[in-house]
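Chain naming here is simple, since letters A, B, ... match the order of the sequence lines and numbering starts at 1 in each. Note that the structure is a prediction, hence the values are computed from the model and not measured.
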There are 2 protein chains.
Amino acid sequence: MPGQVGPVVASAPAKVILFGEHFVVYGVPAIVAAIDLRARARISRRDDELIRIRAPDLGISGSFSQDGHFLPELGREGAEGTLKPIFIAVREVLRSLGVSSGLDVEVRSSIPIAAGLGSSAAVAVSTAAAVHWLLSRRLDRELVFNAALEAEKLVHITPSGVDPAISTYGGLLRYTKGVGIEHLKAPGQLELVVGDTGLKRSTGALVSAVRALRDRRPSRFSSILEAAMELVAEALQALGRGDLEALGELMDVNHGLLCSIGVSNEALDRLVHSARRAGALGAKLTGAGGGGCMIALVEPGMGQDVARAIEEAGGRAFLAKLSLEGVRIEAAP
Amino acid sequence: MPGQVGPVVASAPAKVILFGEHFVVYGVPAIVAAIDLRARARISRRDDELIRIRAPDLGISGSFSQDGHFLPELGREGAEGTLKPIFIAVREVLRSLGVSSGLDVEVRSSIPIAAGLGSSAAVAVSTAAAVHWLLSRRLDRELVFNAALEAEKLVHITPSGVDPAISTYGGLLRYTKGVGIEHLKAPGQLELVVGDTGLKRSTGALVSAVRALRDRRPSRFSSILEAAMELVAEALQALGRGDLEALGELMDVNHGLLCSIGVSNEALDRLVHSARRAGALGAKLTGAGGGGCMIALVEPGMGQDVARAIEEAGGRAFLAKLSLEGVRIEAAP
């Protein structure tokens, strides 16, 4: 193989759950959207066989041998755990092409991490796509998805595949447990504001708490679940007709149902109310709750006021449009 | 009849809805408690036949002739409307006794008005009881209830009778539309903190908005209604065993369901969260929502912290125990 060429830069979007988090565990479909907060991977060839990975935003770097042995550089503590999924994504692409090549990988991201926005999947997807392009001049989305899904198995024990799917393909999807992923026709445009409480939460603990509630109060829980099922059906119809007002109202209702199963908290409710007060069409927590992020749906072009209100209420706000495009090659030699 | 004697003082408690507001319109039972915030009426005879009523807390006073003609004194604007229900309560007692007597009526109350706490009923009940005692030396609760119910018909077009019933008899009751009022065995003690947002709201407008939601989304609404029905059944069980922790959790769930039908707001949620954060066992809006009051259930003796948190969050807080006693005669010559 020739010496170092490149770099190739690929980017991939973050995700938000528009409707159905938590209830998805019990069979309610979740509606998930790609948003234009992106992770970027920059890849170039090396003369040796090392996969050197740098995440300058996190101040960590290190190298993996082709067989996965880790040589730390910066940010020893936890560096291997953070970089390993990225290495797995690279390794899967190399395997599928039947080559072994040394690579320099640099990842950067504007996606809040550990906030339920699919940051790790977006990093893996952008990395796999850039590596594949560098080595084959093709963007094979299925291959990229599968490589990122392998990487996700290190992050989540049994990943649903939703995060790498939405990051690879963009747009909107419906995920139903036991059925899988269906891509949805996206409405013209959706403009969201993501508000990050900055509070860490444990998805696992929240999912367990909801399960305990279900086991303790099956009858009440199943009524709430039915309401959630109706709500997602209504949301699919509203998306189909591009009815933003209905979508906003349904987000408010979904937030209420999530409150009734105990997964919201004070910080999330504060950001949700600040967004509604500032004119959002609707607002809800997104993801596991108990911290992490909320989202607000806004009229096109009206995100700034809502973002300001969220910041004033103590959150970090990000304007985020629906990203119809999934992973893409940004630059190639 | 002899000349002026008295005064007789009677007091009657306020009410809070513990569970089931709004859903009660659609057949879910509501659980209502008397709390020891009280209205007081002080009655003495006059030598003439006027019913002179003073509400010094509100800065209004005026006199009614026996046939209901109003002679204003202080606070002309709206004074007649405010004082008329009190006159009706007096008139009903006089009618039932077959007498016509001039009376001086002074009402005072520690119950926030127009906040969903049954202030008008407590005033009418305490007035009717004091008048009845003054003229007959008896406290006939059924007569008092009926007199106050007549007064309530001026305040609410079709009163359920819940407010005068709880204020007359105290304790706990279950009200089911189409079934009526059933008194419940009260648990040992309930300590609540009432938080008043200070925001006025229109019960009628909120009830109408919920009805519009029901008409627009009958299927989703009926699932939420079923969850509310389960919840009230659980609450009755928890009350039966005096299980404060379960009651607190159920209050949180009930608040979530009220959020999902859109009747909470930012101020209520802020007070609810402040109470939970300060150690309340549970917290929810009480009454119509959209302003008005919330309640928090606390461990016995732990109300001060929660009250302070509610005040810091911008509300007015009132410690309020379950009042097993309804109307009572406080002083009589």
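Against chain B, no residue from residues 309-320 of chain A qualifies, as none has a non-hydrogen atom under 4.5 angstrom away. Residues of residues 202-230 of chain A placed with any heavy atom under 4.5 Å of a heavy atom in chain B are listed by number as A/Leu213, A/Arg216, A/Arg217, A/Ser219, A/Arg220, A/Ser223, A/Ile224, A/Glu226, A/Ala227, A/Glu230.
In this structure, A/Glu245 places its CD atom where only 12 or fewer heavy-atom neighbours from other residues, nucleotides or ligands lie under 6.0 Å away.
Separating the SG atom in B/Cys259 from the CG atom in A/Asp269 is a distance of 7.0 Å, to the nearest 0.5 Å.
When all heavy atoms of A/Asn265 and B/His273 are compared, the pair lying nearest together is C-CE1, 3.5 Å.
Neither the backbone nor the side chain of A/Arg276 comes within less than 4.5 Å of any heavy atom in chain B. In this structure, no portion of B/Asn254 lies under 4.5 Å from any heavy atom of chain A.
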